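Reading through the structure tokens given below for one structure.
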Amino acid sequence: MSTTLRETLRVDLPGRAYDIRIGPGLLAEAGAQIAPFLRRPKVAIVTDETVAALHLNALCASLDASGIAHSVLALPAGESTKGWPEFTRTVEWLLAQKIERGDIVVAFGGGVIGDLAGFAAAVVRRGVRFVQIPTTLLAQVDSSVGGKTGINAPQGKNLVGAFHQPSLVLIDTAVLATLTERDFLAGYGEVVKYGLLGDEPFFEWLEDNAAAMAAGDMAARVYAVRRSCEMKAGIVTRDETEQGERALLNLGHTFCHALEAATGYSERLLHGEGVSIGCALAFELSARMGLCAQEAPSRVRAHLKMMGMKTDLADIAGPLPDAAGLLDLMSQDKKVVDGNLHFILARGIGDAFVTSQVPKKMVLGVLEDALRDK
Ligand code: GLY
């Protein structure tokens with residue numbers, strides 16, 4: 001495969017800087033890419049059964065070719081893995097592998113595996129290094145970069161975790177070919193988010209090129225992943241622990257988390273689908289509050305619809321709570337401070353900001369109208 005489609009980005013955190021390498025065929029080079037980080041030729045791979053069936057042979061062959069021994073833990077695929085039982089199992093497995101401080105854990109999979117294995121690496125022996133090899137579009141553009149690791153608690157999603165930056169992120173854009181269309185589009189919800197929150201020219205590029213990207217155009221895939229990671233890397237470098245700007249990455253997420261909770265974190269709504277609907281609602285709310293022109297939400301929805309994304313509450317199968325019920329679910333979000341909901345709103349496409357100055361009546365109005373169309 002063409003080596004010209006290669007990009008390297010740097011997440012320039014003092015003392016913990018790392019590269020994000022992007023391009024088709026990187027999985028076959030994983031051994032050579034990881035070797036310089038090893039103190040002894042041995043890694044522990046945490047993956048899931050779906051990714052293992054599709055891609056583990058390629059990763060292991062590459063490690064073998066570089067003389068790197070490897071042991072593998074393949075967890076069940078799916079969000080329910082991201083909890084205490086599989087986390088305990090992973091930590092105990094890593095200890096049984098006699099992972100040392102200087103060793104590397106490889107997180108090989110989507111967001112669930114990256115978050116869980118990254119968190120295990122953060123706590124085993126008070127912290128060992130890890131490499132992210134994300135295999136879904138969502139993980140490639142969001143969860144594998146930036147060092148948020150963790151698991152879900154019975155009380156809610158991602159409530160237990162740590163900031164623990166990887167030593168390297170290897171993004172093989174060719175593995176996206178094995179994703180279902182639904183999973184690809186769910187990941188695209190996070191790609192479009194970057195244009196909406198801070199880069200109107202990127203959103204314009206997506207309007208022109210995202211259909212080709214979804215159809216498999218590799219140069220377009222590499223560019224979209226690179227631009228997304230570049231934006232995330234910049235934000236994370238400036239605000240690693242989300243004291244300010246990093247919250248912009250949560251555009252669409254306040255609505256999304258309420259919808260995910262309402263649908264039981266089930267197949268009824270994938271996270272990236274909730275982000276897509278959430279972005280549409282955040283722009284609608286922004287327009288109603290007079291912050292941006294009505295053309296902005298219309299343009300956002302038109303693009304999401306053109307891509308075949310979920311955009312409206314009507315796109316979620318089955319019943320939903322009423323507007324007050326959804327607002328109540330929002331109030332349980334991590335982003336509630338002193339009882340005030342924090343929203344990411346926009347002055348226009350590419351111009352998002354964080355605010356707690358959102359009248360509940362306005363939010364209820366947006367939700368009531370969205371539910372009326374369901
Ligand atoms: N996914 C949001 C963040 O990494 O901050």
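Note that the structure is a prediction, hence the values are computed from the model and not measured. Whatever order the structure lists ligands and atoms in, that order sets their numbers, starting from 1.
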Original post:
Are the side chain of E368 and the backbone N or O of A323 linked by a donor-acceptor pair below 3.5 Å?
Top reply: no

Subject >> Side-chain H-bond candidate by donor/acceptor type, S71 with Q97, under 3.5 Å >> reply: yes

May I have a table of the N/O to N/O pairs between ligand 1 and the protein that fall below 3.5 Å, each row giving the two atom names and the distance to 0.1 Å?
residue: ligand 1; atom: 1 (N); partner: D142; partner atom: OD1; Å: 3.0
residue: ligand 1; atom: 1 (N); partner: D142; partner atom: OD2; Å: 3.2
residue: ligand 1; atom: 4 (O); partner: K232; partner atom: NZ; Å: 2.6
residue: ligand 1; atom: 4 (O); partner: R246; partner atom: NH2; Å: 2.8
residue: ligand 1; atom: 5 (O); partner: K148; partner atom: NZ; Å: 2.9
residue: ligand 1; atom: 5 (O); partner: R246; partner atom: NE; Å: 2.7
residue: ligand 1; atom: 5 (O); partner: R246; partner atom: NH2; Å: 3.4

**OP:** Nearest 0.5 Å please: distance from the CG atom of L248 over to the CG atom of D239.
**Re:** 9.0 Å

**OP:** Measure the spacing between CD1 of I22 and CZ of R6 and express it to the nearest 0.5 Å.
**Re:** 11.0 Å

Original post:
When the ring centroid of H271 is compared with that of Y265, is the distance short of 6.0 Å?
Top reply: no

**OP:** Please determine, by modelled atom types, if K82 and N158 share a side-chain donor-acceptor pair under 3.5 angstrom.
**Re:** yes

